[in-house]
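Below: the structure, in structure tokens.
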Number of protein chains: 2
Amino acid sequence: MTRYTESIRASLRDRVLDAAYGLVADAGWGGLRMAHVAERAGVSRQTCYTEFGSKDALGQALVMREVDRFLDGIREVLDGHGSDLRAGVTAGVEFTLRTAADNELLKAVITSQRGGDGELMAHLTTRSEPLLDTATAMLGAYAAHAWPEVDEYSRELAVECVVRLTVSNIVQPVASPEATAERIARIVTRVALLAEPE
Amino acid sequence: MTRYTESIRASLRDRVLDAAYGLVADAGWGGLRMAHVAERAGVSRQTCYTEFGSKDALGQALVMREVDRFLDGIREVLDGHGSDLRAGVTAGVEFTLRTAADNELLKAVITSQRGGDGELMAHLTTRSEPLLDTATAMLGAYAAHAWPEVDEYSRELAVECVVRLTVSNIVQPVASPEATAERIARIVTRVALLAEPE
DNA sequence: CGCTTGACACTATTAGAGATTTTGTCTAGT
DNA sequence: ACTAGACAAAATCTCTAATAGTGTCAAGCG
């Protein structure tokens with residue numbers, strides 16, 4: 001398989017996945033028809049099957065793509081803020097809140113929401129459950145790099161706070177993403193920077 | 001209506017509610033039959049209707065009782081720890097985690113979980129939504145009393161942390177209630193006690 | 001009175017048969 | 001490498017009849 005064919009195929013996969021994403025957003029996973037996906041992607045139904053194998057497999061590929069994109073986004077945001085952990089956290093949290101707000105699918109994955117329109121998740125043992133673990137690990141590594149002077153236990157505490165508070169604010173938002181991110185970063189800074197009292 | 005009749009009636013209501021609680025736990029709200037409730041409570045079906053009016057009304061009464069009991073429990077736990085906020089928070093969180101663990105109904109209310117076996121909540125505008133708000137307010141008042149030297153903003157931050165982290169750990173537990181409560185109290189202490197850096 | 005019992009209409013839930021879609025595969029054609 | 005059409009098998013919808021449950025009434029009992 002040549003390089004060229006590979007890139008063609010990749011763009012084809014992406015077109016199909018894009019179509020699927022839009023249709024799932026409109027009608028939910030249950031209302032998704034392979035025929036519609038094919039049509040919207042400008043491709044034959046058969047091609048979808050040869051490329052993905054089955055509707056379920058297409059679903060898996062879809063959430064895997066979304067998850068990977070999200071994780072890449074987080075990585076990018078974090079890397080873009082060098083050693084300023086506070087700024088990194090603020091930006092990362094805001095990015096996550098915004099993503100969850102306008103990507104129903106990722107919101108469902110992040111909050112581990114079952115049932116509802118996201119019947120999609122019903123059978124996704126793959127890279128969807130470990131999402132939060134991966135994000136936590138990434139944030140932990142970033143924290144270790146950006147705040148080497150903080151002891152490990154405090155860093156752990158802080159990272160757990162970021163993740164849990166962020167998810168909490170996705171499920172039950174009270175303010176804008178900016179304001180919330182700012183607030184969470186503030187909390188987390190305190191958790192990390194205060195040595196154990198008493 | 002005499003005092004005596006009142007207490008008789010109250011105990012009758014309680015017996016019926018107890019029966020309903022057990023049956024809901026077994027079969028879910030959807031699987032609950034008024035006839036079974038009456039039978040288990042040792043009461044006629046008609047009595048249930050004269051007392052509560054309808055199945056839905058009985059459901060409301062049930063969750064209201066559970067919510068009130070929970071709130072009373074929190075109040076008691078908090079009051080039992082005088083001015084030691086840290087101890088109070090630890091005990092309160094542990095109480096909440098334990099309650100959620102063995103009271104499916106309250107767990108559903110606390111986490112605002114919709115659908116599932118708790119189809120009960122589908123139509124409860126009453127004292128179920130404000131639960132977290134009430135608990136938050138109680139904790140806030142308690143904090144103001146136990147930690148007067150901490151500025152209000154820091155207290156707000158800390159209270160929000162307790163509530164959100166507790167709910168988060170109900171939804172996704174990683175350790176025992178004791179360990180988790182201890183951890184949350186530690187985090188919250190840091191949030192409250194650290195003056196704003198930079 | 002306060003409760004039980006049995007009877008009742010009305011409504012919601014369930015079960016099954018049949019029609020209709022959709023999935024997933026195959027084959028021939030471009 | 002993809003499209004197009006045809007197809008069996010499986011899933012989903014639809015409608016009907018039967019069943020079960022809710023909510024109300026009136027009669028009876030201590």
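Numbered from 1 within each chain, the chains take letters A, B, ... in sequence-line order.
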Between [X] (side chain only) and [Y] (backbone N and O only), is there a donor and an acceptor less than 3.5 Å apart?
X        : Y        : result
B/Tyr49  : B/Lys55  : no
A/Arg164 : B/Gln172 : yes
A/Arg15  : A/Ala41  : yes

Rounded distance (Å) that lies between atom [atom2] of [N] and atom [atom1] of [X]:
X       : N      : atom1 : atom2 : answer
A/Leu58 : C/dT23 : CG    : P     : 11 Å
B/Leu12 : C/dG2  : CG    : C1'   : 10 Å
A/Arg15 : D/dA1  : CZ    : C1'   : 13 Å
B/Arg13 : C/dG2  : CZ    : P     : 15 Å
B/Phe52 : C/dG2  : CZ    : C1'   : 16 Å
B/Glu39 : C/dG6  : CD    : P     : 14 Å
A/Leu23 : C/dT22 : CG    : P     : 13 Å
B/Tyr49 : C/dT4  : OH    : P     : 15 Å

Kindly give the heavy-atom pair with the smallest separation between A/Gly82 and A/His145, and that separation in Å.
-> O-CE1, 4.5 Å

Minimum-distance pair of heavy atoms, taken over all atoms of B/Leu17 and B/Leu62 =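 Taking every non-hydrogen atom into account, O-CD1, 3.8 Å.
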
Any A/Leu131 side-chain heavy atom under 4.5 Å of A/Phe70 side chain =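 Result yes, sub-4.5 Å side-chain heavy-atom pair found.
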
May I ask you to say what B/Ser54 touches in the nucleic acid, namely base, sugar-phosphate or nothing, with a heavy-atom cut-off under 4.0 Å?
-> sugar-phosphate

Looking at B/Asp72 and B/Arg69, does any basic side-chain N land under 4.0 Å from a carboxylate oxygen?
->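 Result for this pair is no, no salt bridge flagged.
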
Hey, is A/Glu182 close enough to A/Arg86 for a salt bridge, meaning N to O under 4.0 Å?
-> yes

Can you pull out how bent the helix from C/dC1-D/dG30 to C/dT30-D/dA1 is, comparing the axes over its first five and last five pairs, to 10°?
->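 If I round to tens, the end axes sit 40° apart.
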
Under the salt bridge (Lys or Arg N to Asp or Glu O under 4.0 Å) test, which residues partner [X], sequence neighbours left out?
X        : value
A/Asp133 : none
B/Glu178 : B/Arg98
B/Arg65  : B/Asp14, B/Asp18

Treat primed atoms plus P, OP1 and OP2 as sugar-phosphate and everything else as base, then score nucleotides 7-16 of chain C 5' to 3': B for base contact with protein heavy atoms under 4.0 Å, S for sugar-phosphate contact only, - for none.
-> B---------

If you pin A/Met34 and B/Gly42 to their nearest nucleotides in DNA chain C, which one's is more 5'?
-> B/Gly42

Between protein and nucleic acid, restricted to nucleotides 26-29 of chain C and to nitrogen or oxygen atoms under 3.5 Å apart, what atom pairs and distances do you find?
from   : atom 1 : to      : atom 2 : distance (Å)
C/dC26 : N4     : A/Gln46 : OE1    : 3.0

Below 4.0 angstrom from OP1 or OP2 of C/dT4, is there any side-chain N or O of B/Thr47?
-> yes

